[in-house]
Trainee: 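Before I ask anything, here is the structure I am working with.
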Amino acid sequence: MRHIQRYREIAVAFSRNGFGYVVKELGLDQLFPLPRRLIVKRKQEEYSKSVGIRIRSFLEELGPAFIKIGQMASTRPDLIPADVIKELEQLQDQISPVSWEEIRTILERELAAPLEDIFQDFDKSPIGVASIGQVHKATLKSGETVAVKVQRPSIEKTIHTDLEILHELADRAEDRLKSAAKYQIKDMITEFSKAIKEELDFINEGRNADLMARQFSDDKDLIIPKIYWPYSTKKVLTMEFIEGIKLNDLEALEKNGYATEQLAEKLVQVIFYQIFKDGFFHADPPHNGNVLALTGNRIALMDFGMAGRLSPEMKTHLASLIMAMVKQDSHDMIRAIKKMGGCSR
């Protein structure tokens with residue numbers, strides 16, 4: 001087994017946050033010595049924090065790949081209790097930024113020029129911080145205001161290591177736990193790995209944005225930020241700066257006179273058009289920071305690292321599933337799910 005030190009860190013994080021029993025159930029305590037106090041049940045008062053808080057703490061302690069899992073899970077209220085969702089949502093906004101010195105080094109290396117040759121000004125403090133990168137506001141020499149997304153140093157190596165470990169843990173979980181096999185944990189980790197690897201390539205994200213901009217080139221109520229390709233690389237993405245209000249900030253939307261129902265209807269129209277018309281869609285539009293409300297009750301999509309494609313057959317089956325749900329026809333629902341490959345086991 002590779003990455004023993006990282007396994008130790010994961011085992012300790014499980015135990016420190018009240019999940020020592022997971023260490024035993026996965027057999028991690030048999031792979032390397034751990035202090036007994038880490039895997040035995042502690043006093044109840046030491047676990048007075050809610051499960052949601054402890055899960056968030058566990059993910060934050062282990063870093064980017066695990067934080068990304070929590071962020072993705074925070075968009076699934078259909079699977080996860082509301083109190084846990086509330087804690088996981090905080091992972092989206094409470095990640096420590098990379099220092100300006102490191103960011104400047106990455107920018108100048110990737111863009112092969114001093115910053116002063118490209119930008120009139122560049123804000124040292126980030127306007128957004130995420131698990132893979134952080135965003136800074138800047139002004140190009142040409143005068144356009146832009147948002148510059150910069151990948152965290154060494155993040156690719158860190159994430160690849162953690163993905164290897166997650167695959168190994170999923171194997172152990174399905175071998176030892178009936179619930180893990182029931183929910184096909186290995187398949188979930190495989191899909192997650194594919195998604196996060198795509199997010200590591202900012203060129204891929206920029207191309208997704210360009211494709212979606214062409215999808216809605218005639219739609220004045222949907223804004224997709226322009227990508228500035230001369231100043232973009234695999235680790236740096238320079239795009240049009242768009243300022244708006246997050247779609248989940250109902251208080252701010254109402255205070256500023258936005259028609260929230262109209263905004264919601266517009267977002268649903270966009271999602272359905274992408275899925276059922278083009279089969280190429282933003283795979284994470286409901287995410288808290290990925291949809292902005294703009295003046296005139298327009299919306300803007302942001303963050304294009306995750307995109308999906310559907311074959312014509314899958315579009316048909318998905319449409320059949322939604323129609324069956326609307327009609328509350330369980331027989332047709334099951335048939336559509338089977339055709340989609342959702343009942344292979």
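Quick caveat, the model's predicted, so the values are computed rather than measured. Excluded from the calculations below are hydrogen atoms, water molecules and symmetry mates; all remaining heavy atoms, backbone and side chain alike, are included.
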Trainee: Is the shortest distance from a Lys or Arg side-chain nitrogen in Arg56 or Glu60 to a carboxylate oxygen in the other one below 4.0 Å?
Mentor: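 Yes, this pair counts.
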Trainee: Can you tell me if Gln269 has over 12 outside heavy atoms packed within less than 6.0 Å of its CD?
Mentor: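 Buried by this count: over 12 neighbours within 6.0 Å.
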Trainee: Counting only heavy atoms from other residues, nucleotides and ligands, does the tally under 6.0 Å from NZ of Lys157 exceed 12?
Mentor: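 No - once you tally the heavy atoms of other residues, nucleotides and ligands closer than 6.0 Å, there are 12 at most.
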Trainee: Is Phe304 linked to Tyr273 within one hydrophobic cluster, defined over Ile, Leu, Val, Met, Phe, Trp and Tyr using a side-chain heavy-atom separation of less than 4.5 Å?
Mentor: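 Yes, Phe304 and Tyr273 fall within the same hydrophobic cluster.
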Trainee: Just by modelled atom types, is the Lys186 backbone N or O under 3.5 Å from a matching donor or acceptor in the Thr190 side chain?
Mentor: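 Yes; at least one donor-acceptor contact below 3.5 Å.
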Trainee: For Arg298, does the CZ atom sit with more than 12 other heavy atoms under 6.0 Å from it, leaving out its own atoms?
Mentor: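 Yes, enclosed.
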Trainee: Are Met302 and Tyr231 joined in one hydrophobic group, where the rule is that I, L, V, M, F, W and Y side chains link up if heavy atoms are under 4.5 Å apart?
Mentor: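 No, Met302 does not connect to Tyr231 through the hydrophobic network.
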Trainee: Are Ile203 and Leu200 joined in one hydrophobic group, where the rule is that I, L, V, M, F, W and Y side chains link up if heavy atoms are under 4.5 Å apart?
Mentor: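 Same hydrophobic cluster.
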Trainee: Can you tell if the side chain of Ile132 reaches within under 4.5 Å of the side chain of Phe202, non-hydrogen atoms only?
Mentor: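 The answer is yes; the side chains approach within 4.5 Å.
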Trainee: Under the salt bridge (Lys or Arg N to Asp or Glu O under 4.0 Å) rule, what do Asp175 and Arg172 come out as? Steps first, then yes or no, please.
Mentor: CA-CA 5 Å; Asp175 287 342; Arg172 298 181 71 84; over 6 Å; no
Trainee: Looking at side-chain heavy atoms only, is the closest gap between Leu140 and Phe119 below 4.5 Å?
Mentor: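 Side-chain contact under 4.5 Å: yes.
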Trainee: Can you name the one residue among Glu164, Arg8, Glu168 that meets side-chain hydrogen bond (donor to acceptor under 3.5 Å, both in side chains) with His3?
Mentor: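 The residue from Glu164, Arg8, Glu168 that satisfies side-chain hydrogen bond (donor to acceptor under 3.5 Å, both in side chains) with His3 turns out to be Glu164.
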Trainee: Report yes if some heavy atom in the side chain of Lys86 is under 4.5 Å from a heavy atom in the side chain of Asp83; otherwise report no.
Mentor: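 Contact flag for Lys86/Asp83 side chains = no.
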Trainee: Going through the distances and angles, do Glu251 and Lys255 end up as a salt bridge (Lys or Arg N to Asp or Glu O under 4.0 Å)?
Mentor: CA-CA 6 Å; Glu251 183 178 349; Lys255 181 179 179 181; over 6 Å; no
Trainee: When you check the gap from the basic side-chain N to the acidic O, do Arg6 and Glu9 get nearer than 4.0 Å?
Mentor: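 A salt bridge is present here (some side-chain N lies under 4.0 Å from a carboxylate O).
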Trainee: Using a strict cut-off of less than 4.0 Å between a Lys/Arg side-chain nitrogen and an Asp/Glu carboxylate oxygen, indicate whether Glu199 and Arg152 qualify as a salt bridge.
Mentor: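 Here Glu199 does not pair with Arg152 in a salt bridge, since their nearest N and O are not under 4.0 Å apart.
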Trainee: Can any side-chain N or O of Ser74 pair as donor or acceptor with the backbone N or O of Gln71 at less than 3.5 Å?
Mentor: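 Yes, Ser74 side chain to Gln71 backbone: donor-acceptor pair under 3.5 Å.
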Trainee: Under a 3.5 Å distance rule, please check whether Asp219 uses its side chain to pair with a backbone N or O of Asp221 as donor and acceptor.
Mentor: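 It does hold such a pair.
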Trainee: Using the rule that Ile, Leu, Val, Met, Phe, Trp and Tyr join whenever any side-chain heavy atoms are under 4.5 Å apart, tell me whether Val23 and Leu177 fall into a single cluster.
Mentor: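 Hydrophobic grouping puts Val23 with Leu177.
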Trainee: With rounding to the nearest 0.5 angstrom, report the CD to NE2 distance, Gln215 to His282.
Mentor: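 That separation rounds to 11.0 Å.
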Trainee: Would Asp332 and Arg335 pass as an ion pair if we require N to O under 4.0 Å?
Mentor: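 Answer for the salt bridge query: yes.
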Trainee: Side chain of Thr233, backbone of Glu110: donor and acceptor closer than 3.5 Å?
Mentor: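 Judged by distance alone, no pair lies under 3.5 Å.
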Trainee: Taking Phe14 as the starting point, is it possible to reach Val51 by hopping between hydrophobic residues whose side chains are less than 4.5 Å apart?
Mentor: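 Looking at the clustering, Phe14 is in the same group as Val51.
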Trainee: Look only at the side chain of Thr238 and the backbone of Val148, and say whether a donor-acceptor pair between them is shorter than 3.5 Å.
Mentor: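 Side chain of Thr238 to backbone of Val148, a donor-acceptor pair under 3.5 Å: no, none is there.
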Trainee: With the side chain counted from C-beta on, respond yes when Met306 and Glu198 share a heavy-atom pair under 4.5 Å apart, and no when they do not.
Mentor: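 Met306 does not reach Glu198 side chain to side chain.
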Trainee: Quick one: does Gln134's side chain have a donor or acceptor within less than 3.5 Å of a partner on Gly128's backbone?
Mentor: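 A pair under 3.5 Å: no.
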Trainee: Using side-chain heavy atoms (C-beta onward) and a distance below 4.5 Å, is Leu310 in contact with Phe280?
Mentor: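 Side chain of Leu310 against side chain of Phe280, heavy atoms only: no contact under 4.5 Å found.
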Trainee: Would you please test Lys234 and Glu156 for salt bridge (Lys or Arg N to Asp or Glu O under 4.0 Å) and show each step?
Mentor: CA-CA 11 Å; Lys234 184 178 179 181; Glu156 188 170 1; 3.5 Å; yes
Trainee: Under the salt bridge (Lys or Arg N to Asp or Glu O under 4.0 Å) rule, what do Lys178 and Glu25 come out as? Steps first, then yes or no, please.
Mentor: CA-CA 11 Å; Lys178 291 182 179 180; Glu25 289 181 350; over 6 Å; no
Trainee: Could you tell me whether the side chain of Lys141 and the main chain of Glu116 form a donor-acceptor pair under 3.5 Å?
Mentor: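 Looks like yes, one N/O pair under 3.5 Å.
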Trainee: Okay, side chain of Glu240, backbone of Lys226: is any donor-acceptor separation there less than 3.5 Å?
Mentor: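 Such a contact is found between Glu240 side chain and Lys226 backbone.
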Trainee: Check the angle between the aromatic planes of Trp100 and Phe122 and answer parallel, tilted or perpendicular using the 30° and 60° thresholds.
Mentor: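 Ring orientation, 0 to 90° scale: tilted.
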Trainee: Please confirm whether the backbone N or O of Lys277 pairs with a side-chain atom of Lys315, one donor and one acceptor, at under 3.5 Å?
Mentor: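 Judged by distance alone, yes, a pair lies under 3.5 Å.
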Trainee: With the side chain counted from C-beta on, respond yes when Lys197 and Leu163 share a heavy-atom pair under 4.5 Å apart, and no when they do not.
Mentor: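 Answer yes - side chains close enough.
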Trainee: Tell me whether the guanidinium CZ or amine NZ of Lys68 lies under 6.0 angstrom from the six-membered ring centre of Phe192 and within 45° of its axis.
Mentor: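 Cation-pi check for Lys68 and Phe192: fails.
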